[in-house]
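Take a look at the structure set out below.
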Amino acid sequence: MKAARIHQFGGSDTVAIEEVEVPKLKPKHALVRVVAAGVNPVDWMVREHSYNPRGADRVPMTLGQDFAGIIERVAPGSRSQFREGDEVFGEAWGTFAEEVSVPVKDLVRKPAGIDFVTAAALPMPGLTAWQIVRTARVSKRKRVLVHGAGGPVGSLVAQLAKRKGSYVIATASRSNFRFLRRIRVDEVIDYEHGRFEEKVSDVDVVIEHLGGDVQKRSFRVLKPGGMLINLMGEIDRPAARKARVRGVLFGMKYDTRDLARLAALAADGTIDPHVSKVLSLDEVRMGLDMNQRGRSHGKVVLRVG
Ligand SMILES: NC(=O)c1ccc[n+]([C@@H]2O[C@H](COP(=O)([O-])OP(=O)(O)OC[C@H]3O[C@@H](n4cnc5c(N)ncnc54)[C@H](OP(=O)(O)O)[C@@H]3O)[C@@H](O)[C@H]2O)c1
C-alpha cells in the first residue's frame with residue numbers, strides 16, 4: 001500500500017510516498033481502508049519533532065491522524081458493534097496511508113448524510129471546538145471573540161457558539177470573510193488591517209492560539225470575570241490576574257461520543273467544517289506546507305482512496 005512516511009524528523013523534504021506492507025491487524029483493532037485524511041497543524045509539528053507524544057515519537061513513521069474510511073477487517077474476538085464494510089471515521093496514528101489499523105474503541109460511525117472528506121475534516125478541529133465551547137460555558141448572554149475564526153478550529157467554535165445563541169466576533173483574513181458571513185458571525189475583523197482591541201470590548205470569552213501580542217491585547221477586551229482560552233500552551237498569568245480574568249490552557253481529549261454528536265450536527269447541516277482544499281495523497285507535502293505557511297484558509301483534506 002502507499003503511505004506518506006518520514007525516516008528522519010525535519011522539513012517538508014523528509015516526507016516521501018512509499019510502498020509499504022499493509023499494517024498487521026492487532027487484537028481489538030480494525031483494519032480501515034482510508035478514503036480521506038484531514039491535515040492538521042500537529043502533522044507538520046510531528047514531522048518536525050516539535051510535538052512528539054507517544055505514538056508519534058519514533059521514525060520511520062507514517063504521518064497523519066484524522067481519517068475517514070471503510071472497515072476491511074475486524075480482529076477476531078473484538079467485542080465491537082463494527083463489521084466489515086462499515087463507514088467510520090476518527091483519529092489514529094499513521095492515517096496518511098491507504099490502510100490503517102485502529103483500536104475499535106476509537107472508531108465512530110460515519111453518518112450517511114456526510115461524505116468521507118467532510119468526516120475526515122472533523123475529528124481534531126471538531127472535538128477541540130466542541131470541548132472549548134463546553135469549557136467556556138458558552139451561552140445566549142455571552143460575547144465571544146474567536147481569533148482565527150476562518151481556520152478549522154475557529155470556524156467550528158464560531159458555529160457552535162452561534163448555535164448556543166452567543167454574540168460571536170471573529171478575527172480573520174479577507175479570504176475567509178465570505179465563509180464567516182455565511183455562518184452568520186455577528187462581527188468580522190480583518191486581523192491584517194487594523195487592531196481588534198480598538199473595535200471590540202466587554203467580551204466574556206476569548207479563544208486564541210497565537211499567544212504573545214495577540215493574547216496581551218485580548219486581555220484588554222475582556223470583562224472582569226471573563227475567560228481567555230489558549231490552544232498552544234501559553235498563558236501570561238500575571239497579565240490574566242491584572243485583567244481579573246481566568247486563563248485556561250486548553251488540551252483536547254479524544255472522545256468518540258463527542259465526535260458522534262458533532263457528526264450528527266454536520267449531517268443535519270448545523271455545522272460546516274469549512275474544507276478549503278482537497279488534495280491527493282501524493283500532494284501531502286503541499287498540504288502540510290500550505291497549513292504551516294498559513295495558506296490553507298480553512299481545512300485541507302487528502303483524498304486517499
Ligand atoms: N490544544 C489543543 O488541544 C489543540 C487542538 C487542535 C488544534 N490546536 C491548535 O489550534 C490552532 C488552530 O488550529 P487549526 O487547525 O484551526 O489551525 P490552522 O489551520 O493553522 O488555522 C489557523 C487560523 O489562524 C488564523 N490566523 C493566523 N494569524 C492570525 C492572527 N494574527 N489573528 C487571527 N487569526 C490568525 C488563520 O486565519 P486566516 O485563514 O483567516 O488567515 C488560520 O485560518 C493551531 O495552532 C493548532 O495547533 C490545539
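We count ligands from 1, going down the list as the structure has it; atoms in each ligand are counted the same way. For the numbers below, each heavy atom of this structure counts, side chains included, while hydrogens, waters and symmetry mates do not.
Residues satisfying the salt bridge (charged side-chain N to carboxylate O under 4.0 Å, His left out) test with R184, not counting sequence neighbours, are none. Residues passing the salt bridge (charged side-chain N to carboxylate O under 4.0 Å, His left out) test with D255, sequence neighbours excluded: none.
The existence of a salt bridge linking D272 and R182 is confirmed by a sub-4.0 Å separation between a basic side-chain nitrogen and an acidic carboxylate oxygen. Using a 4.0 Å cut-off between charged nitrogen and carboxylate oxygen, E72 and R33 count as a salt-bridge pair.
A donor-acceptor pair shorter than 3.5 Å can be found between the side chains of S280 and E283.
Grouped by direct or indirect side-chain proximity (heavy atoms under 4.5 Å, Ile/Leu/Val/Met/Phe/Trp/Tyr only), I70 sits with V35, F116.
Protein residues with any heavy atom under 4.0 Å from ligand 1: P41, M45, M124, T128, G148, G150, G151, P152, V153, T171, A172, S173, N176, Y191, H209, L210, L231, M232, F250, G251, M252, N291, H297.
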